[in-house]
Each structure stands twice: as C-alpha cells, then as structure tokens.
Number of protein chains: 2
Amino acid sequence: MTTTSPQGRTELLRPDGSPVRVLVVDDEQSITELLSMALRYEGWQIRSAGDGQGAVQSAREFRPDAVVLDMMLPDMDGLAVLGRLRRDLPDVPVLFLTAKDAVEDRIAGLTAGGDDYVTKPFSLEEVVARLRGLIRRAGAADRRSESVLVVGDLTLDEDSHEVSRGGDDIHLTATEFELLRFLMRNPRRVLSKAQILDRVWSYDFGGQANVVELYISYLRRKIDAGREPMIHTRRGAGYLIKPAAS
Amino acid sequence: MTTTSPQGRTELLRPDGSPVRVLVVDDEQSITELLSMALRYEGWQIRSAGDGQGAVQSAREFRPDAVVLDMMLPDMDGLAVLGRLRRDLPDVPVLFLTAKDAVEDRIAGLTAGGDDYVTKPFSLEEVVARLRGLIRRAGAADRRSESVLVVGDLTLDEDSHEVSRGGDDIHLTATEFELLRFLMRNPRRVLSKAQILDRVWSYDFGGQANVVELYISYLRRKIDAGREPMIHTRRGAGYLIKPAAS
DNA sequence: TTGGAGTCTGTGATTTCCCTGAGAAACGCA
DNA sequence: TGCGTTTCTCAGGGAAATCACAGACTCCAA
C-alpha cells in the first residue's frame with residue numbers, strides 16, 4: 001500500500017496500513033545512527049543492533065519487514081547471522097553492507113535470493129532506494145506500489161533506470177539519476193544543497209559543495225532544455241522540482 | 001496457470017491458484033539455504049530436509065509438486081530415498097543433484113521417467129529452469145504453459161534451446177544461452193553484474209567479474225550485430241534487454 | 001548605481017568503468 | 001588420443017563520468 005503524505009511524499013506501508021519495520025545492524029554507531037535517521041525520515045519504524053547476537057534477538061521480537069546487515073560484525077560472521085535470521089524470518093529480505101575493497105568472492109551469492117547489497121561508503125539515497133525495491137518485491141508492501149516516479153510530464157523508472165519527459169527519452173549518468181530521483185521523491189519541496197549532498201553523495205564525500213550546483217546545471221540541460229523549466233532555484237535556500245504547468 | 005507480477009515476471013502456479021511446492025533435500029546446509037532463497041524468490045513454497053529420513057517424512061506431510069534431491073545423503077542411498085518418495089507420491093518429478101564425476105549411466109536411467117538432474121556445482125538459473133520444466137511437464141502447473149520467451153523480435157525456446165532474432169537462427173553456447181535467458185526473464189530491468197554472476201554462474205565460481213562483460217560482448221555480436229541493439233549498458237548500474245523499437 | 005553574496009557554467013584533469021583482442025586452459029566428442 | 005569448441009584470464013585502449021577551478025552572471029540591498 002502507498003499513501004501520500006501532506007508534504008506530497010509517497011510512503012510505503014504494510015498491507016494492514018501500519019508502517020514498514022526495518023532492522024539496522026552495524027557495529028559502527030555512527031553508521032546505525034546515520035541510517036536510522038534517514039530511514040525514519042521515510043516514515044519507517046527502525047530498530048538497530050550492534051552485533052550478531054543483538055541482531056538475532058531484535059529480529060525475533062521486532063519482526064522487521066527488511067534488514068540492513070553489515071557483513072563485518074565483531075562477534076559473528078555475516079553469513080552466520082544471516083542463517084540465524086532466516087531461521088526465524090525465512091522470507092525477510094536483506095540489504096548487505098560490504099566494504100568496497102572486500103574480496104569479491106565474499107560478495108558472491110548475496111543477490112541470489114533476491115537480496116541485495118551496497119558497498120561502503122554508500123549514499124543514503126541508494127540505500128533507501130534499494131530497500132524500497134526489496135520491500136516492494138518481497139510483497140510486504142502492497143504489490144501495486146509502482147517503480148515509476150512521475151512529476152508533471154517527467155517520469156523516472158527505478159527498475160529500468162529510464163527517464164523521459166513528454167515522451168522523449170533522456171539519458172542520465174548515475175549521479176544525475178540519483179539526484180533527480182531525490183528531487184522527484186520530494187516534489188514541490190525546497191531541498192538545501194547540504195541536504196542534497198548528504199543524501200545523494202556518499203557519506204565520506206569530501207569535495208566542494210558546488211558539485212550540487214554543477215549537477216543541477218547538468219540536469220537542467222537535459223530536462224529543462226528548451227522547455228518550461230521544472231527545476232527551480234530558491235536563492236539562499238535550495239532547489240525544488242514541480243510540474244511545469246503550475 | 002501463470003500470472004504476471006507487477007514487475008513483469010511470470011510465475012508458475014498450481015491449477016487451484018496456490019503456489020507451487022518444492023521440497024529441497026541436501027545435507028549441506030549452505031546448499032539448502034541457497035536453493036531455498038532462490039526458489040522462494042520464484043514465488044514457490046519451499047521446505048527443506050537434510051537427510052533421507054527427513055525427506056520421506058517431509059514429503060508425506062508437505063506433498064510437494066517437485067523434489068530437489070541430492071544423491072549423496074548421509075543416512076540413505078539416493079535410490080532408496082527415491083523409492084520411498086515414490087511410494088507416497090508416485091508422480092512427483094525429481095531433480096537430482098549429483099557430483100560432477102558421478103557415474104553417469106546410473107543417472108541416465110533415472111531420468112528416463114521424466115526426471116532430470118544437474119551436476120554440482122550448478123548455477124541457480126539452471127536449477128530454476130529445469131525445475132520449471134519438470135513442473136510444467138508433470139502438469140502440476142495448469143497449462144502446457146509457454147516454454148518460449150519473447151522480447152521484441154527475439155525468441156528463446158527453453159525446451160529446444162533454440163534462439164532466433166527476426167527469423168534468423170542464432171547459435172549460442174551454454175553460457176551465452178543462460179545469460180540471455182536470465183536477461184529475457186527480466187526484460188526492461190537493470191541487472192547488475194553481481195546479480196548476473198550470482199544467478200548465471202555456478203555458486204563456487206571464484207573468477208573475475210568481467211566474465212560478465214565478456215559474455216555480454218559475445219551476445220551482442222550474435223544478437224545485436226548489424227541491427228538495432230537490444231542489449232543496453234547502464235554505466236555503473238548494469239545491463240538490461242528490451243525490444244529494439246522503443 | 002554599485003558591491004557583494006550567491007549561483008551558473010565552460011574547461012580540462014583525473015578517475016572510473018567498459019569493451020575487446022589474444023591466448024591459455026579445460027572440456028567434449030569422435 | 002587428438003582436435004575443435006568453449007570458458008575464462010589478462011591487459012590495453014578508449015569512452016564516459018566525476019569533480020575542481022575560475023570567471024561570468026544574477027539578484028538584492030544599501
């Protein structure tokens with residue numbers, strides 16, 4: 001099921017209308033806090049654990065609809081945690097967090113069952129998007145929930161990564177795509193450059209804040225070029241996207 | 001019966017509309033877990049057993065539509081298990097798992113009755129495809145439902161392994177065929193290299209991720225050569241297949 | 001009208017990612 | 001056993017994407 005909040009954001013809900021529950025497992029507290037905040041912002045109910053023991057325990061009580069699981073935990077191997085989780089909750093989808101430089105064969109098999117993974121350092125938008133995908137496909141949320149975002153005559157398909165405006169296909173790079181997705185998931189709402197940087201770029205990004213300006217300018221060239229603009233600047237505040245007509 | 005899920009994937013169902021039931025029997029827990037995950041993702045109901053005793057027991061209660069049976073079990077010979085299974089469920093199709101170097105003729109005799117086998121280490125796509133075939137032919141699923149995948153003017157016959165585009169027959173190697181099947185079972189959907197590796201290559205493959213790139217390049221030569229391309233790269237995300245027209 | 005803060009965008013360096021040729025090793029079949 | 005086929009590794013080339021930098025531009029207030 002989906003509902004639309006007063007701010008115009010679309011939320012995933014469980015079939016009975018209650019909020020989606022997600023368990024976050026990582027031993028670095030800064031990571032669990034970062035994730036908890038971002039996922040609560042999605043309207044989800046979050047519980048977190050710092051080790052394998054706690055994860056298994058929490059899963060049993062909390063019965064989450066999805067789990068975010070770091071593969072490097074102090075007390076147990078990630079796969080062992082997975083096995084224990086699956087004993088209690090056979091169908092729960094899992095989003096694995098792995099280190100970028102981890103040996104590739106440790107990653108093997110993680111997507112086999114419909115699970116998914118992201119590498120550290122990740123961007124919050126990426127984690128949220130993949131979690132939404134997992135929850136959608138696992139059927140914890142109503143099956144009807146679409147993978148297509150629409151604002152005015154602009155559409156973005158999260159499965160095929162296709163974007164089009166007024167019927168014309170638009171090719172976007174990975175970063176442009178993530179930025180546009182963030183804007184379109186928050187239509188008619190001003191997003192500050194800091195917010196955008198926090199959500200779309202990975203958490204260890206150390207560069208200049210004006211990459212946001214740069215990528216907004218790229219997007220405008222591709223999306224607004226020669227048309228009624230949809231991306232607007234609120235000087236001193238940030239950017240927002242809205243249908244061209246209004 | 002088949003239904004098409006919102007993601008566009010086609011699911012097998014039983015004549016009464018309930019999910020297909022599969023019993024998985026293997027003494028290695030990592031194998032039963034891997035298979036359970038992958039088969040659940042097909043929308044099937046899974047039960048697993050770790051030895052012959054448990055298998056017979058589970059089959060009696062669970063009444064599966066198909067069984068995946070490792071030939072090397074700790075307590076009983078594979079043939080003995082098969083005999084006992086057949087006493088309770090005379091018509092249930094069985095997919096045997098055998099070691100690579102197993103005596104081939106013993107297996108060959110078994111498959112005469114409409115059963116099938118795969119050798120370890122297997123790829124998940126192969127197991128799923130063969131199970132689908134068994135279930136389809138056994139009539140547990142409603143129809144002689146399609147064994148032909150179609151995307152645009154490209155067709156792939158899962159029974160005969162014939163592939164053609166626009167009427168021209170195309171010869172593919174085994175790996176190319178599996179890769180194309182996976183793509184065509186998920187049309188218009190970006191599949192990451194990790195996902196492809198996990199499904200199409202066998203679970204113990206420890207090689208470089210760029211075999212995927214390599215085989216995509218082989219497929220392009222055979223399928224897209226001199227035509228409107230159907231296989232597309234989404235840089236930094238993966239690959240997808242879609243009809244040439246759109 | 002002017003100055004400054006904030007924003008936009010052209011240029012190019014760097015990095016990342018993807019493609020493909022060549023050849024080694026493994027396989028399958030006669 | 002020997003030969004053709006298939007699978008896979010390795011490495012080079014090239015294209016695309018990312019980002020820093022800097023100068024141009026815009027808006028607003030004094």
Does OP1 or OP2 of [N] have a side-chain N or O of [X] closer than 4.0 Å?
X      : N      : value
A:T175 : D:dA17 : no
A:H171 : D:dA17 : yes
A:K193 : C:dG6  : no
A:T233 : C:dC8  : yes
A:T173 : D:dT18 : yes

What is the distance, to the nearest angstrom, from the [atom1] atom on [X] to the [atom2] atom on [N]?
X      : N      : atom1 : atom2 : result
A:R220 : C:dG10 : CZ    : C1'   : 17 Å
B:Y218 : D:dC8  : OH    : C1'   : 8 Å
B:W201 : D:dC8  : CH2   : P     : 7 Å
B:L197 : C:dC18 : CG    : C1'   : 16 Å
B:Q208 : D:dC10 : CD    : P     : 5 Å
A:N210 : C:dG10 : CG    : P     : 14 Å
B:L172 : D:dT5  : CG    : C1'   : 14 Å
A:F205 : C:dT16 : CZ    : C1'   : 15 Å

Side chain of B:V211 - closest among C:dT20, C:dT9, D:dT9:
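Looking only at heavy atoms from C-beta outward on B:V211, the closest nucleotide is D:dT9.
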Counting distance only, does the side-chain N/O of B:S164 pair as donor-acceptor with the main-chain N or O of B:G167 below 3.5 Å?
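Answer holds: no.
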Check: C:dC17 base within 3.5 Å donor-acceptor of B:R235 side chain
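Indeed, a donor on one side and an acceptor on the other fall under 3.5 Å apart.
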Start at the 5' end of DNA chain C and walk down; is the nucleotide closest to B:Y215 or to A:G238 reached first?
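Upstream on the strand: A:G238.
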Take B:A237 and B:R221, find for each the nucleotide of DNA chain C with the closest heavy atom, and name the residue whose nucleotide sits nearer the 5' end.
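Counting from the 5' end, the first nearest nucleotide belongs to B:A237.
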Considering only NZ, NE, NH1 and NH2 on the basic side and carboxylate oxygens on the acidic side, decide whether B:R188 and A:D157 come within less than 4.0 Å.
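Salt bridge between B:R188 and A:D157, a charged N being under 4.0 Å from a carboxylate O: no.
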SB check B:D70 B:K120 (cutoff 4.0 Å):
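Here B:D70 pairs with B:K120 in a salt bridge, since their nearest N and O are under 4.0 Å apart.
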State yes or no: are the ring centers of B:F182 and B:W201 separated by less than 6.0 Å?
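Ring centres of B:W201 and B:F182 not closer than 6.0 Å.
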Select base, sugar-phosphate, or nothing to describe what A:Y239 touches, counting heavy atoms under 4.0 Å on all strands.
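A:Y239: backbone/sugar contact only, no base atoms under 4.0 Å.
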If you assign B:L214 and A:E213 each to the DNA chain D nucleotide with the nearest heavy atom, which residue ends up on the more 5' nucleotide?
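Nearest-nucleotide comparison on DNA chain D picks B:L214.
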To the closest 0.5 Å, what do you measure between CD1 (A:I31) and OG (A:S48)?
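Taking CD1 in A:I31 and OG in A:S48, the distance rounds to 12.5 Å.
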